[in-house]
Amino acid sequence: MDAALGPPEKMAENEDDLTPMMSQYFELCRKYDDSLVLFQVGDFYETFCDAAERTARLLEIALTKREDSTGTYPMAGIPIDNAESYIETLLDAGYRVAVADQVQDPEDATGVVERAVTRIVTPGTLTEDELLDTEDNNFVACLTEDPDRYGVALLDVSTGDFYATSARREELVADEVSRFAPAEAITEPDATADPFEADCMVSPYDAEAFDPDAAADRVERYFGSPDALLAADVEVRACGALLAYAEYTRGGKRADGHAGEDGHLDYLNHLTRYEPREYMLLDRVALASLELFERRTVHGDADVTLLGVLDETSSALGSRTLKDWLRRPLLEPDRIEARLDAVEEWTHDVQAREAARDLLRDVYDIERLIARISRGRANARDLRSLKATLDVVPELKAAMVDFESELLTELRGNLDELADVRDLVERAIREDPAREITEGDVIKPGYDDELDELRATEREGKAWIDDLEAKERERTGVDSLKVGHNSVHGYYIEVTNPNLDAVPDDYERRQTLKNSERFYTPELKQREDEILRAENRADDLEHDLFREVRSSVAAESERVQAVADALARLDVLAALAEVAATRDYVRPEIGGDGIRIEGGRHPVVERTQQSFVPNDTRLDAEDSFAVITGPNMSGKSTYMRQVALVTVLAQTGSFVPAASARIDPVDRVFTRVGASDDIAGGRSTFMVEMTELASILESATDESLVLLDEVGRGTSTTDGLAIARAVTEHVHDEVGALTLFATHHHELTRTAADLPRAFNLHFSADQTDEEVVFDHDVRRGAATASYGVQVAREAGVPDEIVERARELLSEAESADVEVEESDPETGGVEDDNSEPTPKAIADGAEDELAARLREVDVATMTPLEAMNELAELKREVE
Ligand code: ADP
C-alpha cells in the first residue's frame, strides 16, 4: 500500500470549520481508515485533499478544485456509471476501497444528504461481476495460530464456497493456502509477519473478531454448532473472524462495534471442513512446475496447461469446479472409482453426453447469481437468468435417465427442478426486463391487480392526450396546433404566433418561444398529474414487488446452491469424458503397488508436438528409484512430469493419456524441477533448490511421488555430486518414496547400480556428423555421452565457438580417466560394479578436495550434514 490511509491530513488540520458535507466525508474517512473512501456526490464518486491527489495520480484523472465557504481544496472524482474499472486500478495498486453512497433521496434531505458505506471492495471479497474472473474462484483466507496449531479458513464471497482446515505444521497450512491461491489474507493483529508467505495482500484484522467466543457465536449463527463442524479452536477462530470480515466488507459493522446482524450473508450456509490429508498434496512448487494452471515458460503456445487441455466444460460453474478438483486430487480409492465410473458412463453414451453438454451451455453462473440475489444486488435480468438455467434441469435429467453409476444417479437425484422458484419468476418477471429495477418494465402484467390498475390509468391518460391534438385542432381551427411533452414543463399545447388569436380562453400560458407559445388547459394538467401519480406509484410498486420476489428466491438459496453444485459436477464429469473420448485416454486402474504406465504420454506436450513418443513407467516398492540420464533436450523432464500428470489425472477421477495405467494413489507429488530462480526474492538458485529439497526430505513418505531434476547443479561439481548422492541414498534407504531423478552427474548411475531398489533409465540420441536426433524413447540403463555441443550448434551458437568447444571436448576426453563404456542397450551400468573414479581435475586444491571427499561417507549423512562437511573440507584444503 503506497501511503497510510485515514482522513486526509489537510482536512484533519481544520476539522472544526468544515462544511457539513466535508465533515461527513472526514468522518467516514476516519471510520474506514484502512480504505480509500469514494464519496458519492450526485453522479460521481469524489475524493478530496491528499486522497484526491493520490487518486488523480493513480487513476490518471483530472485533479479539480472544490470551493466552499471554508476555502478551496483539491478534488478528484470518477463517474459512478463506470466506477468498477477505476476501482480495479485502485485494488491493483493495493488499496481497499470503501464506497460511500447517498442513502437518502436528496429531495428528502433537510440538511446534508445522508451517506453510508455500502460496501468495501477488497481483492479477496469481490462480488462485482466486472471485477471477477468467471473461471476462477476468488478466495480470501484467514489465518490463525495457537502454540501448537495453525488454522486457515477460505471463503469465496462471490459464490459462498467456504472451507476450513488446520494442521500442526505451519508448512502444511501454508500449502493449503497456496493451493487455493487466495487474492487476499487476513491475520490476527499480533500475527508473526506474513507467517505463510501468502502471495497476496495480507493485512491484520480486528482482534475482537478473533475472540474465541465471538467467533464461535458467529459460526453458530451461520452454520450451527461449531463443535459439530470444526475440529480445533484455531479453525473456529479463523472461520468466525473471516465471517466478521466478510460482513464488514458488505457494509456491516466492524467487529469492534456491536456484532450486528446488518452484514449477515444469508447465502453462506455451507461450510466444508476437511483434513489436508484427505487430498493429494500439491504445494505451490508442484503446482507451478507441473504447469497445472499456469505456464512458467513463455515460449510456444501461450496457455497450454493441464487445465487448458482438460477444460471442455460448458459452464463457468464447471470450469471452476474442474480447477478445484485438479487442485485437490483424491486419495480414497472408492471416491476416485466413483468419479471414474461416472466418466466411463458418459464416454459410452455419446448421445447423452452431447445432449447434456449442449444443455449445460445454457447454464448461467447461478452460484454467483444466487449470492447476488441473496445480497439484494441482483436485478430482474438476473432472476430471468436463474430461471433460464432451471429450465434446463428437466431436460438434463431426461438425458441422464439411463445412467446407473452411483455418482451420476446421485447427482441426477440432486437436480431439484425448483418448480416453485421457476414458476414465481415466470409469473412475476417480464421476459426481457429493464436493467434498472426502480423504473418499471420489470413486473409482468397480470401478476398484481393494483399494479395493473395503475398502469391502466397511466395508459388511459396517455391515450386521452394522444387524442387531444386532433380534438383541439378541430376546436380552434388551427391545423398547425401541436401537443407535445418535455421533461421540464411537462405536456403542452403549442400554437404558432400567427395563430395566437384563435387560442380559447381556457388555455393558460406555460412557456414563450421565439415563434410560438405553449399552453395548457386545466383538464390537461389534471390528466398529466394523474398520469404522473400513477406512473410513480406503479414504478414504486414494481420495485417493491420485485424485491419481494427476489427475497422469496433468496429464501431458497440453499436449494439453488445444491442444484448449482450438481450441475457443476455433472459438467466436469461430462467434460472429462469428452476429453477421454476425443484424445484417446484410458481408464486407469486404481490400486496395486506403485505406478505402472504403458505407453504414457504427456497430456500437454502431446498437444503441441507433431508426434509424441509414448513411454512406459514402472515404479513400485521393489523398484522405487529411477536415475534418469541422457542428453539435454532428449525428454527427461517431459517424461518425469508426464508420470506426475498421469498420476494427478488418475486421482482426479479422469481417464489418462496412456495405453494402460495402474496407479496406487500417492499422498503427495514433490517436485524439484528446473531452475525456479527466486532472485527477486533475494535467494540464490542454489538456496531455493536446497530449501525445496529440505522440504521434500522432511515431508516425503513411502507413498509420495518425488521428481528431482538436476539437484546440486547450482554449486561446484564436487558439492553437487556429493549432495546428489546423499539425497539419492537417503530417499532410497529412509524414505522409500517413488522417485524419478534426472541428473547430468553420470557418477550417479553407479550409485543407482549399487542400491537394491534403484535402477537406471536413459534417453539416447542418434548422433550424425553434424546433428543429433532424439528418439525420446526411455530405456533401462545409463546413458553414455553428452551431446551438449551439438545442441549448442542447433540452437544457433556460432560455428567457431562450436568448433572450439569440440576441440576442448576432445582434449578433455583424452585427459578423462573415467571409464564409462557400458552399453545401455544391454542393461548398462546396472551390472557394472566397478568403483566410480572421479574426473581428473586440473586444480591441485580441488584434486586434494576430491581425494579427501572420497574418504567421507556422505551416504550416512543428511544433505545438510554433507554440505557442512564439504564446507569444512574446503576450508581445510584451502
Ligand atoms: P530434457 O529434460 O532431457 O532436457 P525435455 O523433456 O525438456 O528434455 O524435452 C525437450 C523437448 O523434446 C520437449 O520440449 C519436447 O518438445 C520434446 N519431447 C520430449 N519428450 C518427447 C516425447 N516423448 N515425444 C516427442 N517429443 C518429446
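Along the sequence shown, residues carry numbers from 1. The figures here come from the full heavy-atom set of this structure, side chains too, leaving out hydrogens, waters and symmetry mates.
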Lys/Arg N to Asp/Glu carboxylate O, Lys387 vs Glu426, below 4.0 Å:
yes

Please report the interatomic distance CZ(Phe26) to NZ(Lys31), rounded to the nearest 0.5 Å.
14.5 Å

Ser158 and Asn138: side-chain donor and acceptor closer than 3.5 Å?
no

Check for me whether the distance between the ring centres of Tyr86 and Tyr45 falls short of 6.0 Å.
no

Starting from the C-alpha separation in whole Å, work towards a yes-or-no answer on side-chain hydrogen bond (donor to acceptor under 3.5 Å, both in side chains) for Asp68 and Tyr73.
CA-CA 9 Å; Asp68 63 24; Tyr73 33 86; 2.2 Å; yes

Any side-chain to backbone donor/acceptor pair from Asp206 onto Ala209? Under 3.5 Å, distance only.
no

Minimal heavy-atom distance between Pro204 and Pro189, with the atoms involved, is CB-CA, 3.7 Å

Before accepting this row, confirm whether a basic side-chain N of the pair Glu176/Arg179 lies closer than 4.0 Å to the acidic partner's carboxylate O.
yes

Should the pair Arg430-Glu542 be classified as a salt bridge under the 4.0 Å nitrogen-to-oxygen rule?
no

Any idea how Phe180 and Tyr163 line up, ring-wise: parallel (<30°), tilted (30 to 60°), or perpendicular (>60°)?
tilted

Got a second to check how far Arg384's CZ is from Asp391's CG, nearest 0.5 Å?
8.0 Å

Quick one: list whatever passes side chain to side chain contact (heavy atoms under 4.5 Å, CB included) with Ala568, sequence neighbours left out.
Leu317, Thr321

Positive for side-chain contact (heavy atoms from CB on, under 4.5 Å) with Tyr248, one of Val117, Leu243, Asp34, Thr125:
Asp34

Begin from the C-alpha positions of Arg455 and Glu458 and carry the test salt bridge (charged side-chain N to carboxylate O under 4.0 Å, His left out) through to its verdict.
CA-CA 5 Å; Arg455 292 295 183 208; Glu458 203 186 321; 2.9 Å; yes

Between Leu268 and Gly160 the two heavy atoms that sit nearest each other are CD2-CA, 3.5 Å

Test log, rule salt bridge (charged side-chain N to carboxylate O under 4.0 Å, His left out), inputs Arg119 and Glu84
CA-CA 13 Å; Arg119 60 191 169 125; Glu84 302 308 338; 3.3 Å; yes

Between Asp324 and Arg327, is the closest basic N to carboxylate O distance under 4.0 Å?
yes

Minimal non-hydrogen separation, Gly240 against Arg218, with atom names
O-CD, 3.6 Å

Among Asp133, Asp311, Asp156, Asp365, which residue satisfies the salt bridge (charged side-chain N to carboxylate O under 4.0 Å, His left out) criterion with Arg320?
Asp365

Is the ring pair Tyr205/Tyr245 parallel, tilted or perpendicular, if the boundaries are 30 and 60 degrees?
perpendicular

Can you tell me how far OG of Ser315 sits from CD of Glu135, rounded to the nearest 0.5 angstrom?
10.0 Å

Mind running salt bridge (charged side-chain N to carboxylate O under 4.0 Å, His left out) on Glu27 and Arg115 for me, showing each step along the way?
CA-CA 11 Å; Glu27 215 24 67; Arg115 292 182 177 82; over 6 Å; no

Can you tell me how far apart CZ (Phe223) and SG (Cys239) are? Round to the nearest 0.5 Å.
7.0 Å

Closest approach of Phe162 and Leu242, non-hydrogen atoms and distance?
CE2-CD2, 4.1 Å

